[in-house]
Colleague: 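This is the structure I have questions about; it appears just below.
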Amino acid sequence: MKQTPLEQWILEKTRINERSREALEEYQIQQLVKTLHYAKDKSRYYKRKLEKFDIDAIKTISDFHAIPFTYPEDIKKMSTDFLCVSEKEIKRIVTLNTSGTSGEEKRIYFTEEDLNQTIDFFRHGMKCLTDSSDRVLVLLPGRADGSIGDLLKKALALSDIECIVHGVLKDPDEVEQIIIENRISCIVGIPMQILYFSRLKSEIFGKFIKKVLLSTDYVPDVLIRELERRFQCAVFNHYGMTEMGYGGGVECQALAGYHLREGDLYFEIIDPLTGEPVKDGQYGEVVFTTFRRQAMPLIRYRTGDRARFSPKQCSCKTFLRTMDKVTGRLTNKVVFSNSQEIQLRELDEIILKYGEVLDYTAAYSETDTLVICLTLLNGNSFAKLQEEIIKQIRSRWKVHVIISWKPDSRTLNITNSMRKRNIINLQKGGGKDG
Ligand SMILES: [Zn+2]
């Protein structure tokens, strides 16, 4: 088992010179204190927020836990208050609109140096799965300078790995041609898009693609199983979000959870209700703090993602932490009037196991009704699918279920943006995600 290349990278970058959690933690405390001083000095938001805190009194991680959280809503309301540099030093601005509602945008700012840090992480993170014999196709946005695809291409170029950045999947025929002409061996993309493509173009996928890196949204288990069994692919998961500087962690060859970018970010898992850290092995909300970020450092940022630190050592024997695969957004569930809960990931395991399903959407309404729309190549199998899916849902939850289907339009009504999937709330005054 090859050890995660992130370990050597982090040892060199932090100059801690020993494989010990204590040494890394000491480094992280120093960086946290630096981030706090920098943010308090330079940004209006943190100047207000940290006014009463004596930063120099922070000597341990538990001292740091007294610092208040930063929420996504704070960035939505006042993103420029987070800025620590002048406008001319900003190299890239990413506008995130997770809910689709205007006025709900988050703006995330990066300097050139911030983007270089991400390139450095991508460079070493990609070594988990690729070498110079690989040819990589990236199905993520990449046109703009500083976009995720652009940074990935720059990172792979540093390792002499050939990389084509295509952008999100829109035309499967075109992507099929690119794979054939360039003998692509590794695809990086959005989980549902990769599943969609593999089901539509299974012959080409099986012939060429040996490795897959899934990113930008949580990954249903059923999807990984299918890619592994059907195509004998190695399926790697990456965890990150724009606020982290795109990258947060990536799986090693053990494929058993992400090793984290611990030289650039400090991760915590907290109880979302009490805000207290949970023990390793317990699920909670992922929270992170950035080190050395120039434009927009974030301190104890609440991601809304649900995950846990693995209590076991990874079989690659790294001393880095392992975070078990993120299981989705904490809010990505429906609570019906009889207090039953359905999580999107539970629906995924039921619905996506049917190979005829290319994509689906789920919504719920006031009358405790789950409204599911399947995207199918054709309707031949619909009656059977409808019966089986309803039976499985009804055997677990007392809800009404309506299932319809629509043909695959090829213009990709599929989850084709970077927006994270969720169960759509049709109730009056329904909540929003993100
Ligand atoms: Zn490992």
Side-chain angles (χ1 to χ4, degrees), residues 1-14 16-25 27-28 117-118 120-134 136 152 155-156 159 161 185-188 191 210-216 218-221 223-225 227-228 232-241 244-269 278-284 286 288 291 303 305-327:
M1 174 72 56
K2 189 179 124 191
Q3 191 172 70
T4 174
L6 294 186
E7 177 172 309
Q8 195 52 39
W9 172 59
I10 288 171
L11 283 172
E12 282 167 20
K13 188 162 190 177
T14 59
I16 60 174
N17 298 324
E18 54 173 320
R19 302 175 68 249
S20 91
R21 291 299 315 169
E22 291 72 28
L24 184 56
E25 190 173 302
Y27 171 85
Q28 290 180 326
Q117 283 213 47
T118 297
D120 194 30
F121 167 66
F122 282 170
R123 178 185 180 188
H124 294 275
M126 285 303 284
K127 288 180 187 166
C128 293
L129 64 152
T130 54
D131 57 47
S132 56
S133 69
D134 282 303
V136 180
L152 204 44
L156 286 167
S159 307
I161 296 173
S185 59
C186 174
I187 287 195
V188 181
K210 306 293 172 239
K211 299 161 195 173
V212 173
L213 178 65
L214 301 172
S215 192
T216 75
Y218 101 98
V219 183
D221 290 333
L223 190 160
I224 299 174
R225 279 199 306 276
L227 295 176
E228 284 175 345
Q232 280 80 53
C233 265
V235 182
F236 291 79
N237 286 279
H238 168 256
Y239 174 52
M241 57 174 60
M244 281 174 197
Y246 300 116
V250 65
E251 286 185 312
C252 70
Q253 288 184 350
L255 301 177
Y258 337 94
H259 298 308
L260 301 167
R261 194 178 162 188
E262 294 190 87
D264 297 333
L265 298 164
Y266 172 67
F267 282 96
E268 306 170 55
I269 308 276
V278 300
K279 289 198 187 78
D280 288 0
Q282 281 180 355
Y283 278 99
V286 179
F288 71 88
F291 304 155
T303 64
D305 287 332
R306 180 179 180 274
R308 64 177 184 180
F309 287 126
S310 170
K312 292 180 295 193
Q313 196 195 26
C314 181
S315 57
C316 84
K317 300 277 194 302
T318 179
F319 79 104
L320 298 178
R321 295 191 103 148
T322 308
M323 186 189 283
D324 282 346
K325 207 166 65 87
V326 165
T327 61

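On a predicted model such as this, the values are computed, not experimentally measured, just so you know. Note that ligands are numbered from 1 as they come in the structure, with each ligand's atoms numbered from 1 the same way. Quick note: residue numbers are just sequence positions, from 1.
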Colleague: Please indicate how many protein N/O/S atoms are found closer than 2.8 Å to the Zn ion (ligand 1), with waters neither displayed nor included.
Modeller: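 With waters ignored, the protein N/O/S count below 2.8 Å is 4.
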Colleague: Apply side-chain contact (heavy atoms from CB on, under 4.5 Å) to the pair K13 and R261, showing each step before the final yes or no.
Modeller: CA-CA 11 Å; K13 188 162 190 177; R261 194 178 162 188; 5.9 Å; no
Colleague: Please check if the side chain of E7 supplies one atom and the backbone of F319 the other of a donor-acceptor pair under 3.5 Å.
Modeller: yes
Colleague: Enter the distance from L223:CG to Y218:OH here, rounded to the nearest 0.5 Å.
Modeller: 9.0 Å
Colleague: Output, in order, the C-alpha distance, side-chain angles, deciding distance and verdict of salt bridge (Lys or Arg N to Asp or Glu O under 4.0 Å) for E262 and R321.
Modeller: CA-CA 8 Å; E262 294 190 87; R321 295 191 103 148; 5.2 Å; no
Colleague: Quick check on K279: does its NZ atom have over 12 non-hydrogen neighbours (other residues, nucleotides or ligands) under 6.0 Å away?
Modeller: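 No.
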Colleague: Would you please name every residue forming a salt bridge (Lys or Arg N to Asp or Glu O under 4.0 Å) with R308, sequence neighbours left out?
Modeller: D324
